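What follows is a set of notes on a single structure, which appears directly below.
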Amino acid sequence: SDVDHGSSRSESTRSSFGISKALDRNGVVIEVYDDDSDSDSSDPDLPHSLKASAILELLLNAADVGGNMQNWEAMLKWSQNLFDELKTCFTAGRGTDPAENWHGNQITFFEIYVLPLVSSLVEI
């Protein structure tokens with residue numbers, strides 16, 4: 001680890017919140033962002049690779065749960081498809097029964113994932 005455990009809390013916090021390494025889905029190390037490689041980061045209108053990556057990630061997350069952000073009929077369709085897929089897996093011995101607290105889980109998903117994601121998208 002790059003964090004010196006003997007250092008002060010503020011130094012440790014600064015180190016742990018920076019991007020030092022990231023892995024792609026295949027476990028290959030992704031190169032570290034170089035703060036000086038892009039244009040001046042103090043101007044929010046100029047391109048910056050880290051900002052672009054963060055925005056792209058938000059858009060991909062939105063696309064992933066896009067069925068929940070459409071009209072009522074579309075949301076019901078995608079929710080039913082998800083329920084059916086999870087029920088099929090449960091019947092085959094994989095996973096838990098989606099019927100247990102389905103509605104509560106959907107409400108929690110909206111509150112802790114979808115609504116904060118939409119708020120983040122509004123801010124960009």
Side-chain angles (χ1 to χ4, degrees):
S1 171
D2 293 342
V3 176
D4 177 13
H5 296 289
S7 64
S8 72
R9 185 177 192 315
S10 63
E11 289 174 4
S12 176
T13 302
R14 272 196 307 268
S15 298
S16 65
F17 289 154
I19 296 175
S20 60
K21 285 188 182 177
L23 300 177
D24 67 11
R25 291 183 182 195
N26 295 321
V28 177
V29 174
I30 298 172
E31 294 300 318
V32 177
Y33 287 101
D34 180 9
D35 291 335
D36 298 327
S37 66
D38 288 328
S39 51
D40 182 13
S41 62
S42 63
D43 185 348
D45 294 328
L46 295 176
H48 187 275
S49 61
L50 185 56
K51 289 179 193 175
S53 293
I55 291 170
L56 180 60
E57 183 176 347
L58 285 173
L59 293 174
L60 289 171
N61 289 340
D64 186 37
V65 295
N68 291 316
M69 296 184 222
Q70 297 179 20
N71 63 43
W72 179 250
E73 290 79 18
M75 191 279 300
L76 284 177
K77 172 187 168 186
W78 290 107
S79 185
Q80 183 65 51
N81 288 344
L82 174 61
F83 181 87
D84 293 343
E85 182 179 344
L86 293 173
K87 190 68 169 180
T88 299
C89 290
F90 172 70
T91 304
R94 298 184 312 268
T96 59
D97 186 359
E100 295 176 13
N101 199 24
W102 174 259
H103 297 100
N105 291 337
Q106 291 298 296
I107 291 168
T108 300
F109 178 70
F110 265 88
E111 290 175 347
I112 66 171
Y113 189 82
V114 175
L115 294 177
L117 175 61
V118 170
S119 294
S120 296
L121 289 169
V122 168
E123 290 177 15
I124 61 171

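What you see is a predicted model, and the numbers here were worked out from it, not measured in a lab.
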- Quick one: salt bridge (charged side-chain N to carboxylate O under 4.0 Å, His left out) partners of Lys87, sequence neighbours excluded?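 Salt bridge (charged side-chain N to carboxylate O under 4.0 Å, His left out) list for Lys87, sorted by chain: Asp97.
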- Message: Holding to salt bridge (charged side-chain N to carboxylate O under 4.0 Å, His left out), I want the full list of residues that pass it with Asp64, two or more places apart in sequence or in another chain.
- Response: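 Testing Asp64 for salt bridge (charged side-chain N to carboxylate O under 4.0 Å, His left out), a comparison that skips the adjacent residues, returns none.
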[X]: what forms a ring-ring contact (aromatic ring centres under 6.0 Å, His included) with it, not counting sequence neighbours?
X: Tyr113; answer: Phe109
X: Phe90; answer: none
X: Trp78; answer: none

Once you round to the nearest 0.5 Å, how far does [atom1] of [X] lie from [atom2] of [Y]?
X: Ser120; Y: Leu115; atom1: OG; atom2: CG; value: 11.0 Å
X: Thr91; Y: Leu86; atom1: OG1; atom2: CG; value: 10.5 Å
X: Gln106; Y: Leu82; atom1: CD; atom2: CG; value: 6.5 Å

Decide whether [X] and [Y] are clustered together by the hydrophobic rule: side chain heavy atoms of Ile, Leu, Val, Met, Phe, Trp, Tyr closer than 4.5 Å, transitively.
X: Val122; Y: Val114; result: yes
X: Ile112; Y: Ile107; result: no
X: Trp102; Y: Val65; result: no
X: Leu121; Y: Ile55; result: yes

- Would you find more than 12 non-hydrogen atoms of other residues, nucleotides or ligands less than 6.0 Å from Glu57 atom CD?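 No, the 6.0 Å shell around CD holds no more than 12 heavy atoms from other groups.
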- Message: Just by distance, no angles: are the side chains of Glu85 and Asn81 close enough, under 3.5 Å, to form a donor-acceptor pair?
- Response: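 The answer is no; no qualifying pair exists.
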- Query: In the hydrophobic clustering that connects Ile, Leu, Val, Met, Phe, Trp and Tyr at side-chain heavy-atom distances below 4.5 Å, which members other than Leu76 occupy its cluster, ordered by chain and number?
  - Reply: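 Joined to Leu76, directly or through intermediates: Trp72, Met75.
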